[in-house]
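Right, one structure below, let's go through it.
The structure presented is a predicted model; accordingly, all values stated were derived computationally and were not measured.
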Amino acid sequence: MRAIVIDDSKAMRVILSQLLRELGFDVCDACDGADAIAKLANTGAVDLALVDWNMPVMAGIDFVRNVRGSDRYSAMRIMMVTTESEIENVQQALAAGADEYVMKPFTREIIVEKLGLLGIVRG
C-alpha cells in the first residue's frame with residue numbers, strides 16, 4: 001500500500017512516515033497541500049494520506065477539498081492529523097471528505113486504531 005504524509009513540520013513527517021513504513025506502507029511526503037498535489041500528479045493516487053491542517057501555501061483542509069473534487073482520488077483514504085481540536089474543525093474536515101481525524105499529540109496505537117477503523121491495517 002502507498003501513503004503520503006503531508007505536514008509542514010519535517011519532524012512530524014519523519015515520525016509519521018516511519019510509523020507507516022513499520023506498518024508496511026511505501027511512503028512519500030510533502031511539506032504542504034500544493035506540494036502533495038504536485039507529487040500525486042507525478043506519482044499517481046495513493047491509498048492513504050495523513051494530512052496536517054495548518055500549513056503554508058495550501059492548508060490541509062484545502063488539500064482535502066481539492067482531492068475530493070477529483071474522481072482520480074476517490075478511493076484515497078484521508079486522515080487529518082492535527083493540533084486543531086475544536087469540534088467545528090472536526091466537522092468541517094469530515095464534511096470536506098476526510099475519513100478520520102486524529103489530534104496531536106497522538107500515540108502509535110491511536111494511528112493504528114484509526115487505520116483499523118478505515119479497514120487499512122489490523123491493530
Side-chain angles (χ1 to χ4, degrees):
M1 294 189 90
R2 297 177 59 223
I4 188 166
V5 174
I6 310 164
D7 200 303
D8 58 324
S9 164
K10 182 176 182 180
M12 190 57 58
R13 290 194 310 268
V14 168
I15 291 166
L16 288 169
S17 294
Q18 180 179 341
L19 191 158
L20 291 175
R21 283 186 186 100
E22 289 171 1
L23 295 171
F25 284 87
D26 177 22
V27 183
C28 66
D29 64 38
C31 61
D32 61 58
D35 184 32
I37 287 171
K39 287 183 177 177
L40 291 174
N42 288 330
T43 65
V46 295
D47 302 294
L48 173 68
L50 300 187
V51 186
D52 186 25
W53 188 296
N54 297 304
M55 296 179 286
V57 185
M58 179 186 281
I61 190 70
D62 297 321
F63 168 83
V64 173
R65 289 182 181 125
N66 188 294
V67 297
R68 286 302 185 227
S70 170
D71 289 339
R72 181 177 185 191
Y73 305 111
S74 61
M76 181 172 59
R77 304 302 231 153
I78 300 174
M79 184 186 316
M80 298 295 293
V81 182
T82 180
T83 58
E84 293 297 326
S85 59
E86 298 295 321
I87 190 67
E88 294 83 13
N89 293 91
V90 177
Q91 292 169 337
Q92 186 179 358
L94 296 175
D99 298 295
E100 274 298 338
Y101 198 99
V102 174
M103 293 172 210
K104 295 175 185 173
F106 56 84
T107 63
R108 181 185 196 283
E109 291 75 25
I110 289 171
I111 298 293
V112 170
E113 177 183 331
K114 294 289 188 172
L115 293 175
L117 291 173
L118 293 175
I120 294 177
V121 298
R122 298 181 204 273

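Atom OG1 in Thr107 sits 3.5 Å away from atom CD1 in Ile110 (nearest 0.5 Å). With rounding to the nearest 0.5 angstrom, the CE atom of Met58 is 8.5 Å from the CZ atom of Phe63. How far CD of Glu86 is from CH2 of Trp53: 10.5 Å, rounded to the nearest 0.5 Å. Distance CG/Asp35 to CG/Asp8: 11.5 Å, rounded to 0.5 Å. Taken from OG1 in Thr82 to CZ in Phe106, the straight-line distance is 11.0 Å, to the nearest 0.5 Å. Rounded to the nearest 0.5 Å, atoms CZ (Arg72) and CG (Leu40) are 7.5 Å apart.
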Assess the residue pair Ile111 and Leu115 against the criterion (side chain to side chain contact (heavy atoms under 4.5 Å, CB included)); give the C-alpha distance rounded to whole Å, side-chain angles, the decisive distance to 0.1 Å, and a yes or no. CA-CA 6 Å; Ile111 298 293; Leu115 293 175; 4.0 Å; yes

Evaluation steps, side chain to side chain contact (heavy atoms under 4.5 Å, CB included), between Arg77 and Asp47: CA-CA 6 Å; Arg77 304 302 231 153; Asp47 302 294; over 6 Å; no

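Listed for the Arg13 side chain is a donor-acceptor partner under 3.5 Å among the backbone atoms of Asp7.
The number of heavy-atom neighbours closer than 6.0 Å to CG of Asn42, taken from other residues, nucleotides and ligands shown, is above 12.
Heavy atoms only, all atoms of each residue included: Ala30 and Ile4 are closest at CB-CD1, 4.2 Å. Scanning both residues, Val102 and Lys114, for their nearest heavy atoms gives CG2-CG, 3.6 Å. Of all the heavy atoms in Tyr73 and Val67, the pair that sits closest is CB-O, 3.7 Å. Residues Gly60 and Met80 approach most closely at C-CE, 4.2 Å, considering heavy atoms. In terms of heavy atoms, Met1 sits closest to Ile120 at SD-CG2, 3.8 Å. Shortest non-hydrogen contact noted between Ala93 and Val64 is O-CG1, 4.5 Å.
Cluster membership for Met55 and Met12, using ILVMFWY side-chain heavy atoms within less than 4.5 angstrom, is not shared.
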Could you pull out all donor-acceptor pairs under 3.5 Å where a side-chain atom in residues 19-28 meets a protein atom, sequence neighbours excluded?
unit_1	atom_1	unit_2	atom_2	d
Arg21	NH2	Val27	O	3.2
Glu22	OE2	Gln18	NE2	3.3

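Looking at Arg68 and Asp99, a side-chain N of the basic residue comes within less than 4.0 Å of a carboxylate O on the acidic one, giving a salt bridge.
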